[in-house]
Trainee: 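For reference, the structure I am asking about is given below.
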Protein chains: 2
Amino acid sequence: MADKAEIQEAIKTQGEVVRKLKAEKASKEQIDEEVAKLLELKAQLGGDDGKHVFVLKTAKGTRDYNPKQMAIREKVFNTIISCFKRHGAETIDTPVFELKETLTGKYGEDSKLIYDLKDQGGELLSLRYDLTVPFARYLAMNKITNIKRYHIAKVYRRDNPAMTRGRYREFYQCDFDIAGQYDPMIPDAECLKIVHEILNELELGDFRIKVNDRRILDGMFAVCGVPDEKFRTICSTVDKLDKMSWEDVKNEMVNEKGLAPEVADQIGEYVSMQGGMDLAEKLLQDPKLSQSKQACAGLTDMKQLFSYLQLFRVTDKVVFDLSLARGLDYYTGVIYEAVLTQSGPAPAPPQQQNGAAGEEGVSVGSVAGGGRYDGLVGMFDPKGRKVPCVGVSIGIERVFSIMEQKAEASAEKVRTTETQVMVASAQKNLLEERLKLTAELWDAGIKAEVMYKKNPKLLSQLQHCEDTGIPLVAIIGEQELKDGVVKLRTVASREEMDVLRAELVEEIKKRTLQ
Amino acid sequence: MADKAEIQEAIKTQGEVVRKLKAEKASKEQIDEEVAKLLELKAQLGGDDGKHVFVLKTAKGTRDYNPKQMAIREKVFNTIISCFKRHGAETIDTPVFELKETLTGKYGEDSKLIYDLKDQGGELLSLRYDLTVPFARYLAMNKITNIKRYHIAKVYRRDNPAMTRGRYREFYQCDFDIAGQYDPMIPDAECLKIVHEILNELELGDFRIKVNDRRILDGMFAVCGVPDEKFRTICSTVDKLDKMSWEDVKNEMVNEKGLAPEVADQIGEYVSMQGGMDLAEKLLQDPKLSQSKQACAGLTDMKQLFSYLQLFRVTDKVVFDLSLARGLDYYTGVIYEAVLTQSGPAPAPPQQQNGAAGEEGVSVGSVAGGGRYDGLVGMFDPKGRKVPCVGVSIGIERVFSIMEQKAEASAEKVRTTETQVMVASAQKNLLEERLKLTAELWDAGIKAEVMYKKNPKLLSQLQHCEDTGIPLVAIIGEQELKDGVVKLRTVASREEMDVLRAELVEEIKKRTLQ
């Protein structure tokens, strides 16, 4: 740990960073991120006189969702869940932590990012790192061989957070997977159809879905002369092509991973290829690549996949891209990743778009990814019985960030409640009448609010409606009570109309129909 | 750790327990629970020859939710969320872990049940123990002084699980809280109204909502002669009255907590009292209790509360009960707890109903609880600024258990998907036509499924509909394709009818209208 003087110096510097950002009216997230760093430094220091200072913050890399963010989150989830349900999916849930062993050996190098729980006696536990491994554990444990399920839940990675870019240590995954032995490429095509539907409906701007196949990659490595034991590590390097130039990627292959330059150059030729079904056909004729049985199997399936994608009318966005590699070890067949090709209403500066080197193998523009993993369930089954699976994960945090930026840029206010009517009064001593009417409305299924004050001012009651977007006000006074009516006011137009109390519920329903 | 022979003996015994339960056709949960114990023992042993055996299970005290359980969970959540929204609540979310310090000193003796994360460098973190403390942290951190919010999320307690009774180490809480400085007892009354609405709508059977006030309890302790420093611990003992007899409670007060027997007897007289507004009025005249300013303040508010509850028409279920104490330290005013007075379609044996002694202070029949906590936010504010709060938590796991039992007892099948139509064929070589029609339906917003087989049998396609409750089948064959029609079959009645392909979407919508 740094000494006290150093920390004090760092606090001073960081304090200036924050002040500068505030002066520049930087985005709230950016300021929050820097303030968090400042608070952490202060926490390291402890209080004056050795007195411990309690720091009021969330854990590093995590955030609260305020009501506005929750309203956006709800909207996005509804779109996604509707799509999953349209495709006949069920849903399951698994615990937030698993036996540590369940996660061991599934994530390759990324295992170091797993959160462990403290050994408090009993089992050794870890927070889930994704939803795929718990899904495979669930299938093996319950001996399920066929299921189409979605699962939306938070996962945990002790990664370097970059919160302004929507990268957190606690974040949502939205997974859709199809498990079962079926005829080739039909469920795989449905996964891509789902990505296409969801990205269209979320209106995030134009996108591309890149597809490739692990067998094509492995076959390509083989024919180019990559030694077997280097397949996975070279695959990781190829995966960086979306944020590094070919020169840098080649450099890593040659200098870090010990590949011969001419081998790297051969890979370089293949990974620059993009196309559709035609490319798959062409590569099946490629004198070198066609030597690999694996590659041929992958290419034949790729052709089949594109024929189904044509029936699903989604080929406009799908590209067969030989540079797509995906980070995770467990993929065995087709892999895919969706990227936004424009960055929405508030584009981030280019260095943010590219992402820092050394980050996890998902480009920042990536909003969905997945593939086939036919071996994972078998790793859990005592007898090694395999259950073929294919799935897709929607990168929902990135979607939230974009939607939040959109909402901020838009003039339209995000409502955080659904209240239809405010029960109000202009006169004093009518609290009990207001409460009575409010309860009547609740009991009739109307979303209603009432102020928790004995004698609130009419203006403050109306102001609350303006602030929160409540469209109607039901006003009662001595006269209305005598006449058995309620004055129903439309907040936007300020029009008022007497409504018979017996007809109030129907009138509110009619006026607040979507 | 026990030695190998001991564990082997325990495995044998536990194996017999499991076999016996299976032979008796005991409930799945009960069997699962015993199997889990067996697996844990086996894990302790390790494999033969010192080879480690991987145990396929979820962490102790946790469970997966299968699609059927999720369908029930979704229904329950919808009911509860609708109610919260009807009352104008917003929603927030907080991270699953907090700085360990944030939780320190908030839960009294229960702190030992908090899950800590392993120190992997960086901050010391703990899993949240409830949603109330994170809510208070959120308010203080964001300087929010007014909010009505709900929060539905999982919390974590290293408690002794009793899974057959719906007690887990990972479980949902559904919290509704109102923060802000308002006129007395209006938000408090709304919380009780909400409990009343939710329990009614969930149709769990008859219930009672017990209310009391911490100030009345403290005043009562004072006038009975309990020393100040023993208030909290005597309060915990009183809290056990719902599962222990007065004799046992008195015993604990006198023998364990060192109270004079005549002091305990005086408490005994008060805590046997139950009533409504009349009881509050009577106690305000009580020569002894009226000596306590605190008690009088509590009793006056209790009268006020009942007057609002009358306006809300919920007094039929609410009882002012002086024996209600609630376990948590942070309550400062009114407290309440809802209990089911009948135990539903499959009553548990009485010893399960009563709960074991020494368990956390919530009776097993309890389905909701809460109260006023005016001091908690101030514990987080650097300047100690208070934000008065009142809230309620729905004991949703208990509700799930009851609903699951109900669903099992009922003849009606729980659907786990919402699929409206299955696209099928009786003839071979029509996969592509089936996929094309399915995509058309998806694009029109119809929930449709298709089998991932080139040539599935019609019978297996129909069987899938029967199994999963899909109401319609759209059948195509050569003739239908030629005629531009689809044979639409109603699964239940087996009726078939030709529908023009252009009219198919409308026809499906019409037939699957709720």
Side-chain angles (χ1 to χ4, degrees), chain A residues 54-60 62 64-67 70 85-99 101 115-118 120 122-123 125 137-138 140-141 149 154 158 170 182-183 186-187 193 197 308 311-313 380 416-419 432 435-436 439 442 447 449 452-454, chain B residues 54-60 62 64-67 70 85-99 101 115-118 120 122-123 125 137-138 140-141 149 154 158 170 182-183 186-187 193 197 308 311-313 380 416-419 432 435-436 439 442 447 449 452-454:
Chain A
F54 171 71
V55 181
L56 196 58
K57 66 186 280 292
T58 59
K60 183 178 174 185
T62 69
D64 297 316
Y65 285 80
N66 65 34
M70 288 299 280
K85 288 188 173 175
R86 193 159 60 236
H87 287 259
E90 309 177 291
T91 186
I92 68 160
D93 195 16
T94 64
V96 81
F97 45 68
E98 296 276 345
L99 298 186
E101 273 189 296
Y115 277 99
D116 292 329
L117 267 72
K118 190 168 149 185
Q120 293 171 289
E123 302 160 333
L125 307 171
R137 192 264 307 145
Y138 173 82
M141 190 173 134
R149 82 89 182 79
K154 287 177 180 173
R158 293 181 55 254
E170 173 185 62
Y182 299 115
D183 283 327
I186 314 176
K193 168 76 173 146
E197 285 179 21
Y308 294 144
L311 296 170
F312 288 165
R313 291 181 292 191
F380 289 108
T416 58
T417 66
E418 298 177 6
T419 310
E432 299 191 348
L435 293 181
K436 219 172 119 185
W442 286 332
K447 297 174 187 128
E449 282 183 60
Y452 306 127
K453 297 258 172 205
K454 286 209 161 131
Chain B
F54 171 70
V55 181
L56 196 58
K57 68 185 281 291
T58 59
K60 183 178 176 186
T62 68
D64 297 316
Y65 285 80
N66 66 33
M70 287 298 281
K85 286 188 173 175
R86 195 160 58 235
H87 286 260
E90 308 177 292
T91 186
I92 69 161
D93 194 17
T94 64
V96 80
F97 45 69
E98 295 277 343
L99 297 186
E101 272 189 296
Y115 276 98
D116 291 329
L117 267 72
K118 191 169 150 185
Q120 294 171 291
E123 302 160 334
L125 307 172
R137 190 266 307 144
Y138 173 82
M141 189 173 135
R149 83 87 182 80
K154 287 176 178 173
R158 292 181 56 254
E170 174 187 61
Y182 300 114
D183 283 327
I186 316 177
K193 168 77 173 144
E197 285 179 20
Y308 294 145
L311 296 170
F312 287 165
R313 290 181 292 190
F380 289 107
T416 58
T417 67
E418 297 177 8
T419 310
E432 300 192 348
L435 293 182
K436 220 173 117 185
W442 285 332
K447 296 175 188 129
E449 282 184 61
Y452 306 126
K453 297 258 172 205
K454 284 206 164 135

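The sequence lines fix the lettering, A, B, ..., with proteins before strands; numbering per chain opens at 1.
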Trainee: Parallel, tilted or perpendicular: which describes the rings of A:F97 and B:Y115, with under 30° parallel and over 60° perpendicular?
Mentor: tilted
Trainee: Considering only heavy atoms, which portion of B:Q120 lies under 4.5 Å from any heavy atom of chain A: side chain, backbone, both, or neither?
Mentor: both
Trainee: A:D183 side chain to B:K454 main-chain N or O, any donor-acceptor pair under 3.5 Å?
Mentor: yes
Trainee: Quick one: of A:L435, A:N66, A:T94, who has the most non-hydrogen atom pairs under 4.5 Å with chain B?
Mentor: A:L435
Trainee: Which atom pair, heavy atoms only, marks the closest approach of A:M70 to B:T91?
Mentor: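 Closest heavy-atom pair between A:M70 and B:T91: CG-O, 3.3 Å.
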Trainee: Taking every heavy-atom pair that is under 4.5 Å apart, which of B:I186, B:T58, B:L99 has the most such pairs with chain A?
Mentor: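 It is B:I186.
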Trainee: Taking all atoms of both residues into account, what is the closest heavy-atom pair of A:R137 and B:K57, and its distance?
Mentor: CD-O, 4.1 Å
Trainee: Counting heavy-atom pairs under 4.5 Å with chain A, which one of B:I92, B:T62, B:T419 comes out on top?
Mentor: B:I92
Trainee: What part of A:K85 gets closer than 4.5 Å to chain B, counting heavy atoms only: side chain, backbone, both or neither?
Mentor: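 Both backbone and side chain of A:K85 come within 4.5 Å of chain B.
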Trainee: Identify which part of B:K154 has an atom lying under 4.5 Å from any heavy atom of chain A, answering side chain, backbone, both or neither.
Mentor: side chain
Trainee: Under a 4.5 Å heavy-atom cut-off, does chain A meet the side chain of B:L125, its backbone, both or neither?
Mentor: side chain
Trainee: Just wondering, are more than 12 heavy atoms of other shown residues or ligands nearer than 6.0 Å to NZ in A:K436?
Mentor: no
Trainee: Among B:G88, B:A89, B:G122, which residue has the highest count of heavy-atom pairs closer than 4.5 Å to chain A?
Mentor: B:G88
Trainee: So what's closer than 4.5 Å to chain B heavy atoms on A:E449: side chain, backbone, both or neither?
Mentor: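 Side chain only.
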Trainee: Please state whether the rings of A:H87 and B:W442 are parallel, tilted or perpendicular, taking 30° and 60° as the class boundaries.
Mentor: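 The rings of A:H87 and B:W442 sit tilted, inter-plane angle from 30° to 60°.
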Trainee: Quick one: which of B:D64, B:T416, B:L311 has the most heavy-atom pairs under 4.5 Å with chain A, could you say?
Mentor: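 Max contact count across the listed options: B:D64.
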Trainee: With no hydrogens and no angle check, is any side-chain donor or acceptor of B:E170 less than 3.5 Å from a backbone partner on A:V96?
Mentor: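 The answer is yes, because a donor-acceptor pair under 3.5 Å joins these two groups.
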Trainee: Which region of B:A140, side chain (C-beta onward) or backbone (N, CA, C, O), has a non-hydrogen atom less than 4.5 Å from a non-hydrogen atom of chain A, or is it both or neither?
Mentor: both
Trainee: If I measure from the heavy atoms of chain A, does B:R149 come under 4.5 Å with its side chain, its backbone, both, or neither?
Mentor: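 When you check distances to chain A, no heavy atom of B:R149 falls under 4.5 Å.
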Trainee: What pair of heavy atoms forms the shortest contact from B:P67 to A:Y138, and how long is it?
Mentor: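 Taking every non-hydrogen atom into account, CD-OH, 3.6 Å.
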Trainee: Looking at A:E123 and B:K60, is there a salt bridge between them, counting it only when a charged N and a carboxylate O are closer than 4.0 Å?
Mentor: no
Trainee: If you look at every heavy atom in B:T417 and A:E90, which pair is closest and at what distance?
Mentor: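 In terms of heavy atoms, the two residues are closest at CG2-CG, 3.5 Å.
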